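Below you'll find the structure, written out as structure tokens, and then a few comments.
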Amino acid sequence: MRVLRKNRSFILIPAAPFHFDGTFHKPSHFPAGMDDWQPGVYWQTIRIRSKLIGLRIEDCGRRRSPKLKVTPKLKVTTFCNRRLDDSEIGRLRDELRWRFDLDADLRDFNRRAARDHRFGPVFRKWLGMRASNAYDLYGLLIVGVVLQNATVRRTVQMMKSLLEAFGTRLRFDGKELFAIWLPADLERVSERQLRAMRIGYRAKSIKRLSTDFADGKIDEHALRSMGKQDARDELMKLYGVGPETARIVMADAFHDYGAFDHIAPWQQKIYSRLFYNRAMVPAKRIRDDIRAQYGEYAMLAVGYIWEDIFWNRTTERIPWLEKEIRL
DNA sequence: CATCAGGGCCCTG
DNA sequence: CAGGGCCCTGAT
């Protein structure tokens, strides 16, 4: 375990409007052990070049009265025992701006959302929320793989055993969080060893993804600047990455607001209840209706509604939802 | 106890 | 393009 001392800090200004808690905390996501949150404060680990860094991100743009418009403002404090130079801080700024979509221009979406008859209140409540992802592409793909064909409990177990075996425990700012391993770190680990961590057939995907990343076959930055369809096609070529994992990456990491294509069966049940108040509606119909309603913002809009119901679930009992989530 | 279906994906035919 | 198999776990 490594204890990290406080290092440099800086300010980030997201594009307004910005919703801090909705952007940094997604109640629908499983706790992976690499980040933590409380209202107005968020912690995570990150790697910049070869340096492991702990981050605390604070909301400094809270409005004191609803009438008062305040510029959104984030204070980022780094924790790292080595010197962080200006170029590394610059890289860190760029990464955070990208991963949390801080420069998002949501004006068009917000105009449409404000006119929404049914979910207008939900969109208002979360005004300024981003679809975001704290990890690098490799990390998110690993998360995607452990999500496959597994319940939340099992996913958490798999991620935990992988992080305990290969990750690095960082202690900073009173938190203890894991940083994910490097793809090359798994070179010395056999598929057999991975299987011993009860991740099953996913071992093969993790091995192959790690090798591909370690060999530089995937350029995350190139993918980010590619057209959305091309990026999705590239992702789908990776072993172990199918329509659902690609959708997660496109929506959360690459901020493809329209990417409402694949609907997993358990999501279908929840959408059926949410949008039609029925047990089961054909996936094609859901997809067509949502696309007709929200167009190029279909995935973003669904993301708002999705997180809202999971958010409500933390304070209120939603029996039909509990049944579908299956912890 | 046994059987089976998952918060997918790959591979085969 | 449909469907079987895959690791494991919890439900029945």
Side-chain angles (χ1 to χ4, degrees), chain A residues 26-34 131 133 135 137-166 186 189-213 217-218 232-253 259-275 279-284 286-287 290 299 302-303 305-311 313-314 318-327:
Chain A
K26 304 291 183 184
S28 80
H29 292 189
F30 78 95
M34 300 188 278
N133 155 62
Y135 319 129
L137 177 60
Y138 175 73
L140 184 57
L141 287 173
I142 297 298
V143 165
V145 168
V146 295
L147 280 169
Q148 290 166 196
N149 234 331
T151 57
V152 173
R153 181 197 299 264
R154 179 144 152 65
T155 292
V156 169
Q157 275 173 359
M158 289 190 278
M159 199 66 214
K160 184 162 177 280
S161 56
L162 288 167
L163 284 169
E164 279 175 352
F166 311 118
L186 289 199
V189 182
S190 67
E191 190 181 322
R192 220 178 123 79
Q193 280 171 279
L194 284 177
R195 278 174 181 267
M197 340 209 57
R198 299 176 181 282
I199 63 170
Y201 62 88
R202 300 165 193 82
K204 191 174 176 189
S205 305
I206 290 180
K207 266 307 269 187
R208 291 193 48 175
L209 282 172
S210 300
T211 307
D212 286 349
F213 273 84
K217 289 200 182 126
I218 299 142
R232 180 171 188 272
D233 291 346
E234 286 304 307
L235 290 170
M236 296 268 289
K237 286 181 194 164
L238 300 173
Y239 188 91
V241 178
E244 173 62 3
T245 307
R247 186 198 61 76
I248 292 171
V249 172
M250 291 312 299
D252 292 352
F260 190 64
D261 35 39
H262 183 259
I263 300 176
W266 72 287
Q267 295 161 350
Q268 185 186 352
K269 290 176 203 160
I270 293 176
Y271 292 150
S272 298
R273 186 59 68 187
L274 267 179
F275 300 139
M280 200 57 143
V281 174
K284 180 177 170 4
I286 297 175
R287 195 162 35 238
I290 291 293
M299 189 68 249
V302 169
I305 299 163
W306 185 261
E307 290 305 334
D308 183 61
I309 190 87
F310 276 82
W311 193 282
R313 176 181 167 263
T314 61
I318 308 174
W320 66 265
L321 184 61
E322 297 308 313
K323 190 159 65 76
E324 307 305 347
I325 293 179
R326 304 171 341 172
L327 301 171

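Here the structure is a predicted model, which is why all the values come from computation and not from measurement. Lettering of chains follows the sequences in order, A, B, ..., and the numbering in each one begins at 1.
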Backbone N/O of A:Val281 and side chain of A:Ser272: donor-acceptor pair under 3.5 Å: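 Checking the backbone N and O of A:Val281 against the side chain of A:Ser272, a donor-acceptor pair under 3.5 Å is found.
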Checking the side chain of A:Ser210 only, and the main-chain atoms of A:Leu186 only, is there a donor and an acceptor separated by less than 3.5 Å?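 Here the side-chain-to-backbone pair does not exist.
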Between the protein and nucleotides 2-4 of chain B, are there any N/O to N/O pairs under 3.5 Å, and if so, what are the atom names and distances?
none

Minimum heavy-atom separation for [X] to [Y], with atom names?
| X | Y | result |
| --- | --- | --- |
| A:Ser205 | A:Gly240 | OG-CA, 3.6 Å |
| A:Met299 | A:Ala259 | SD-O, 3.3 Å |
| A:Leu140 | A:Tyr135 | N-CB, 3.9 Å |
| A:Arg202 | A:Asn149 | NH2-O, 3.1 Å |
| A:Met158 | A:Ile199 | SD-CA, 3.6 Å |

Rounded at 0.5 Å granularity, tell me how far [atom1] in [X] sits from [atom2] in [Y].
| X | Y | atom1 | atom2 | answer |
| --- | --- | --- | --- | --- |
| A:Arg195 | A:Ser190 | CZ | OG | 10.5 Å |
| A:Ile206 | A:Tyr201 | CD1 | OH | 11.0 Å |
| A:Lys26 | A:Asn133 | NZ | CG | 10.5 Å |

Pull out every residue in residues 233-245 of chain A that has a heavy atom closer than 4.0 Å to any atom of DNA chain C, ordered by number, or say none.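 Going residue by residue through residues 233-245 of chain A, none turns out to have a heavy atom under 4.0 Å of DNA chain C.
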Intra- and inter-strand pairs of DNA chain B in dot-bracket (Watson-Crick or G-U wobble, both distances under 3.5 Å; | for another strand): .|||||.||||||
By salt bridge (charged side-chain N to carboxylate O under 4.0 Å, His left out), which residues pair with A:Glu234, not counting sequence neighbours?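 A:Glu234: salt bridge (charged side-chain N to carboxylate O under 4.0 Å, His left out) contacts with A:Lys237.
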So A:Tyr271 and A:Phe275, would you call those rings parallel, tilted or perpendicular, with 30° and 60° as cut-offs?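 The rings of A:Tyr271 and A:Phe275 lie parallel, inter-plane angle below 30°.
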Exercise: do A:Gln148 and A:Glu244 side chains pair donor with acceptor under 3.5 Å: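 There is no such pair between these side chains.
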Identify the pairs formed between an N or O of the protein and an N or O of nucleotides 4-8 of chain C at a distance under 3.5 Å, and give each distance.
| from | atom 1 | to | atom 2 | distance (Å) |
| --- | --- | --- | --- | --- |
| C:dC7 | OP1 | A:Arg195 | NH1 | 3.1 |
| C:dC7 | OP1 | A:Arg195 | NH2 | 2.6 |
| C:dC7 | O5' | A:Arg195 | NH1 | 2.6 |
| C:dC7 | O4' | A:Tyr201 | N | 3.1 |
| C:dC7 | O2 | A:Arg154 | NH2 | 2.4 |
| C:dC7 | O2 | A:Arg202 | NH1 | 3.2 |
| C:dC8 | O4' | A:Arg154 | NH2 | 3.3 |

Is any side-chain heavy atom of A:Gln267 less than 4.5 Å from a side-chain heavy atom of A:Trp306?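 The answer is yes; the side chains approach within 4.5 Å.
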Does some side-chain heavy atom of A:Val146 sit less than 4.5 Å from a side-chain heavy atom of A:Val156?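 No, too far: nothing below the 4.5 Å cut-off.
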Judged by each residue's nearest nucleotide on DNA chain B, which is more toward the 5′ side, A:Arg208 or A:Ser28?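 That would be A:Ser28.
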Can you pull out the residues from residues 261-269 of chain A that lie within a 4.0 Å heavy-atom distance of DNA chain B?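 Hits under 4.0 Å, by residue number: A:Ala264, A:Trp266.
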What integer distance in Å separates A:Leu147:CG from B:dG6:C1'?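 Rounding to the nearest Å, CG of A:Leu147 and C1' of B:dG6 are 13 Å apart.
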